[in-house]
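All remarks here apply to the structure that follows.
Side chains included, hydrogens not; waters and symmetry mates left out as well; all remaining heavy atoms used.
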Amino acid sequence: MDNTELKLDQIIQGNCIEVLESFPAASVDMVFADPPYNLQLQRELWRPNRTKVNGVNDTWDHFESFAEYDAFTHDWLSACRRVLKETGTLWVIGTYHNIFRVGAIIQNLGFWVINDIVWIKTNPMPNFRGVRFTNAHETLIWAQKKKGAHYTFNHRSMKALNDDLQMRSDWLLPLCNGSERIKIDGVKAHPTQKPEALLYRVISASTNPGDVVLDPFFGSGTTGVVAKRLHRHWIGIETSFEYIQIAGERIQSTSGSAYSDEIFSQNNPKTTRRIPFGRLLESNLLKPGQTLYLEGKDEPTAVILANGHLCCGSIVGSIHKVATTLHNAPSNGWQCWYYLDEETGQRLVIDHLRNKLQLQDKI
């Protein structure tokens, strides 16, 4: 569906279940939902110094029964599922109060759960009454709309964010505090404002520049702030006019980067078409009989055969196999072999030629 039919980069006031009825089907790439938790608070909470803890006591978090909450959850999840693309994914965050009920409904509606993520809070609020363990985490469910469909997961980007180690499903991040926490007259503007670091991971992991991110419970606007910074489109739905004002001012003051989308591209191997070495021969970028130089070697060490294999003495095989044999260790041939550039006389890595073909394919 053409994205021009959507009101992109805007906050829409209203009940998300009703608002989403006006959206075209299969028009959104990702949903991030931070719904009411149905905390079922029975009494006020006080710190040891007798100061009151400002918990969540807003009317939007009050439900008469589990049945009422389940019906509400079913309806908003159904509405989100309709507007999600076949390749789209859903993120929902919650606590022990609601996430298990939400998870069951997600599965009943036909979503396929990909991961559950545990956000471990490095600075959780203590349990002042001392009657249970301190609640130090929240759970995110990540699900795809259709089992087996292609979906975006920028694995390499997540690995890069984690010091080149595969990112795990336990995320250690602090609560929203300091200058990031929005306050009005010294009081939190929104009781459950999520940290931007959390949304940075979610959006970076499962969308690409230009994708549309929907937040049906927009609140203080963290989703919109991070989406804008990462060159994603966003749509927020919120019932509270007060929260809409807060979110709108916050997003307005957020500078969108002037850099091109390429800076924010995740270079996902699932979305970048594979280029076989033989394409370099077919495109006349390299020629049969041409010699290649192994990284760190002065003399030509291999000859290109017409079928795309390399020959180095008695060793014949792919660019990867021959490099691995010579290095006596697993090797990426694209990074190991160099050719002699006729124009400059310099030795350049053959990955340079692969990148040239990938850019041509995008034009």
Side-chain angles (χ1 to χ4, degrees), residues 10-16 32-64 69 72 76 92-99 119-140 171-200 202 215-229 234 236-255:
Q10 294 187 40
I11 309 174
I12 304 170
Q13 184 171 17
N15 180 300
C16 67
F32 175 82
D34 183 9
Y37 285 7
N38 191 24
L39 295 179
Q40 311 136 52
L41 296 178
Q42 303 298 318
R43 55 188 294 182
E44 293 179 341
L45 183 61
W46 297 80
R47 298 183 180 90
N49 63 3
R50 304 308 299 164
T51 57
K52 184 179 178 181
V53 176
N54 293 318
V56 181
N57 54 13
D58 303 75
T59 56
W60 49 258
D61 195 57
H62 292 173
F63 294 86
E64 293 299 323
Y69 185 79
F72 163 74
W76 74 257
V92 183
I93 188 170
T95 63
Y96 71 90
H97 303 89
N98 71 323
I99 197 64
W119 167 31
I120 301 174
K121 304 171 183 178
T122 57
N123 55 344
M125 184 176 70
N127 185 277
F128 295 112
R129 294 172 60 201
V131 295
R132 64 180 70 180
F133 296 108
T134 295
N135 297 322
H137 77 277
E138 295 188 29
T139 300
L140 295 94
W171 295 357
L172 276 71
L173 298 169
L175 285 166
C176 181
N177 56 17
S179 60
E180 185 183 332
R181 168 66 77 171
I182 302 171
K183 293 185 178 181
I184 299 176
D185 297 328
V187 178
K188 296 176 183 177
H190 193 288
T192 62
Q193 180 183 341
K194 294 299 181 288
E196 293 177 14
L198 182 70
L199 270 297
Y200 193 99
V202 167
D215 187 335
F217 306 99
F218 204 55
S220 60
T222 302
T223 301
V225 168
V226 178
K228 183 177 180 180
R229 287 178 178 164
W234 56 271
I237 304 175
E238 175 56 51
T239 58
S240 167
F241 179 71
E242 180 183 359
Y243 290 159
I244 289 175
Q245 285 186 309
I246 292 169
E249 293 174 3
R250 184 180 174 197
I251 294 170
Q252 185 67 31
S253 64
T254 299
S255 299

* **Pair Phe218-Trp234, ring-ring contact (aromatic ring centres under 6.0 Å, His included): steps then yes or no** => CA-CA 10 Å; Phe218 204 55; Trp234 56 271; 5.5 Å; yes
Compare every heavy atom of [Y] with every heavy atom of [X], then report the nearest pair and how far apart it is.
| X | Y | result |
| --- | --- | --- |
| Pro36 | Asn98 | O-ND2, 3.6 Å |
| Glu138 | Tyr37 | OE1-OH, 2.6 Å |
| Cys16 | Ile237 | CA-CG2, 3.6 Å |
| Gln13 | Ile244 | CB-CD1, 3.4 Å |
| Ile251 | Gly224 | CD1-CA, 4.0 Å |

* Would you call the rings of Phe63 and Phe72 parallel, tilted or perpendicular, where under 30° means parallel and over 60° means perpendicular? ->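 Plane angle between 30° and 60°, so tilted.
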Separation between [atom1] of [X] and [atom2] of [Y], rounded to the nearest 0.5 Å:
| X | Y | atom1 | atom2 | answer |
| --- | --- | --- | --- | --- |
| Phe32 | Thr222 | CZ | OG1 | 8.5 Å |
| Ser220 | Lys188 | OG | NZ | 12.0 Å |
| His190 | Glu238 | NE2 | CD | 6.0 Å |
| Leu140 | Ile99 | CG | CD1 | 7.5 Å |
| Trp119 | Leu198 | CH2 | CG | 6.0 Å |
| Glu242 | Ile184 | CD | CD1 | 5.5 Å |

Any side-chain heavy atom of [X] sitting closer than 4.5 Å to one from [Y]?
| X | Y | result |
| --- | --- | --- |
| Tyr96 | Asn135 | yes |
| Thr223 | Asp34 | no |
| Glu196 | Val226 | yes |
| Arg181 | Gln193 | yes |
| Val92 | Trp76 | yes |

* To do: Given side chain to side chain contact (heavy atoms under 4.5 Å, CB included), test Phe217 with Ile93 step by step and report yes or no.
  => CA-CA 11 Å; Phe217 306 99; Ile93 188 170; over 6 Å; no
* With distance as the sole test, does Asn123 use its side chain to make a donor-acceptor pair with the main-chain N or O of Leu175 at under 3.5 Å? ->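 The answer is yes, because a donor-acceptor pair under 3.5 Å joins these two groups.
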